[in-house]
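Let me begin by presenting the structure, written as structure tokens, before commenting on it.
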Amino acid sequence: MTKASKTVAFSSSLIYAVAVFLFFRFVYPYHIHYQEQFQLFEFTRAYFSDVVSVPGGFADYLGRFLTQFCYSALWGSLAMALAVVSVQAVSYLAAGRRTLLFYALSFVPSVLVLAFLCDENALTGAAVALILCIAAGWILRGKAGLKAILVLKCVLVPVTYFLCGPLAIVYVFLAFMEERWWILLTAVLLLVLSPFVAEQLTQYPLSRLARGVHYYRYYNFNPYLLWAAVLSLILIVCVSGLRFLSNKRFSGTAAGITALLIVLGSATLLVRSRADMDKEEIMKYDFLSSNRMWNRMMMCADVKNPSQPISVACLNMALSQSGRMADHMFDYFQNGPQGLLPDFVKETTSAMATAEFYYHLGMINTAQRFTFEAEESIPDFQKSARCYRMLVRTNIINGDYEVALKYIEALKHTLFHASWAREAESVVCGGEAAVNADPEYGRMRNLRFRSRDFLFSDREMDSMLGLLYLENKSNRLALDYLLSWSLLKKDLRRFKECLGLVSYAILPKHYQEALVIDWAGNNAGTSLPPYIEAYVASSFQRFMSDAKSGKSEDYMKENYGGTYWFYYFYRYNS
């Protein structure tokens, strides 16, 4: 390449690296955090041997090492950018031709890997495996004729398979493409036989060993974008041998710049189509909830009203934690009682989030059950650092210290959770007095059910919440949820019964709005009760007048969307 071409090439890689980093850091950061919570990377020999004992395990181990940095959006974005840009770098080395055109084409496999990683179930180990296979094939490419090198190449076929999985096909193609046909056929046969050998050594079925054990979180899904990246690399290497590409028309700077613009422009469109922003919203609210960033969550909701069930549930927890639920709950979209405490679904993400809600309410055993089920539902059977931390909390609160210490010991061998684990260990080692004096554990012990064999029923949630509040009337969160549950179910009779459990100097806004509906329907002609302020009654009269006059739902939402009345008459049919 000319000096000008080298400058363009370096600048394009730099811009690409920065763009990938900024994408994950500011557009897609919660997918980063989502990845980290589904693994527990430990710096122990046992963990290393357990991971690498599976075909493709070494690449998976390196991928998990990078993924642990996703605990931080900054470091996680850097790790993702490093993986994606490394694919581009080794693809250019493997391409053979050193022209700006082929430098541009080397971005294609990298862009496909980037689009693959936009999927929350795509594992970083797949990108690492591809990098290793391309690098190994490039190093041994072109060394034909030497018997020692040929033997090494053949030996490395099953070795590469056991290190990186079936992506070893890339190594076979690059390392043997210049050998005689029967040698290439022998290498392919060695690769085909490798999964059969692995089937005898491991407990994985042949179909999974042939597709890759740890490229994707769900074993029955074929990651077509990953294989598209492999195919694009093979095509680029094959095309590089065409003689007409030596023509100045194709090897010049202009052709390279044009190709760069086309490839990077197409990359933008592909990544935009693959980025799932609805899931990003769910992950954002779940992350903010799990880290107790209540004010930040409400600021996000003020910018864009959440609509996903788990997002709504997280926002309602934030409203209650900040003391705003009774006055501002219906300022935001509500989807019924599920927006408070979703039903248990044997699915990891929602179960983790719901466990957090029960934990804050004081239903410690329910939170522990949901957490355990969430971890057991992880599709690729990894352990979860987030689940371990919750299990430490619940077991400390319940006094099951030996169980808590088991989880603490595992967390102590991690990079980002070790300091938290040591703090929890010091509390446990301090005995009952230290646990009771701890700001969190001591408070949660007071909030939980005193009867630990309490029979939980999600079909009678209002009864559960009522008993929880009656056992400890300082549990204002339980009271908020008890009253809000009745409001969301539109059960005004039950709401009035529950409201009798507490006294207010001035009733919160939404409670007045609910009571004025009941008063208007059952007490026609009577004077306004003292607990309903005059402005609430007059606003309700305007609301009913507009509704009866046939105003559109859009008009009613614009003028009354922040009231309980709009929810009661226009939303959620139980």
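This is a predicted model, so every value here is computed, not measured.
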- Task: For the pair Lys383 and Glu42, find out whether any cationic side-chain nitrogen is under 4.0 Å from an anionic carboxylate oxygen.
- Result: no

- Query: Heavy atoms, side chains only, cut-off 4.5 Å: are Val54 and Asp60 in contact?
  - Reply: no

- Message: If you take the centroid of each ring, where Trp contributes its six-membered ring, are Tyr47 and Phe43 closer together than 6.0 Å?
- Response: no

- Determine, for Glu356 against Arg393, whether the closest basic-nitrogen to carboxylate-oxygen distance falls under 4.0 angstrom. no

- Query: Of all heavy-atom pairs between Leu101 and Ala259, which one has the smallest distance, and what is that distance?
  - Reply: CD1-CB, 3.6 Å

- Please report the C-alpha distance between Phe41 and Tyr61 in whole Å, then the side-chain angles of each, then the deciding distance to 0.1 Å, and finally whether the ring-ring contact (aromatic ring centres under 6.0 Å, His included) criterion is met. CA-CA 9 Å; Phe41 187 90; Tyr61 182 85; 5.0 Å; yes

- Query: Between Pro55 and Thr202, what is the shortest heavy-atom contact and its length?
  - Reply: CD-CG2, 3.9 Å

- Task: Please tell me if the side chains of Leu78 and Leu82 come closer than 4.5 Å, counting only heavy atoms from C-beta onward.
- Result: no

- Would you please classify the geometry between the Trp227 ring and the Tyr215 ring as parallel, tilted or perpendicular, with 30° and 60° separating the classes? perpendicular

- Item | Closest contact, heavy atoms only, Ile396 versus Ala404 | CG1-CB, 3.8 Å

- Note on the structure: Between Cys118 and the options Asp276, Leu225, Val271, the side chain to side chain contact (heavy atoms under 4.5 Å, CB included) test singles out Val271

- Query: In terms of ring plane angle, is the pair Tyr103 and Tyr92 parallel, tilted or perpendicular, where the classes change at 30° and 60°?
  - Reply: perpendicular

- Message: Closer than 4.0 angstrom, basic N to acidic O: yes or no for Glu409 and Lys406?
- Response: no

- Message: With ring-ring contact (aromatic ring centres under 6.0 Å, His included) as the criterion, how do Phe38 and Tyr34 come out once you've worked through the C-alpha distance, each side chain's angles and the decisive distance to 0.1 Å?
- Response: CA-CA 7 Å; Phe38 282 96; Tyr34 181 88; 4.6 Å; yes

- Message: A side-chain contact here means heavy atoms from C-beta on lying under 4.5 Å apart; do Asp380 and Leu123 qualify?
- Response: yes

- Item | Step-by-step side chain to side chain contact (heavy atoms under 4.5 Å, CB included) determination, Cys70 to Met80 | CA-CA 9 Å; Cys70 293; Met80 293 298 104; 4.2 Å; yes

- Query: For the residue pair Ala94 and Leu233, what are the closest heavy atoms and their distance?
  - Reply: CB-CD1, 4.4 Å

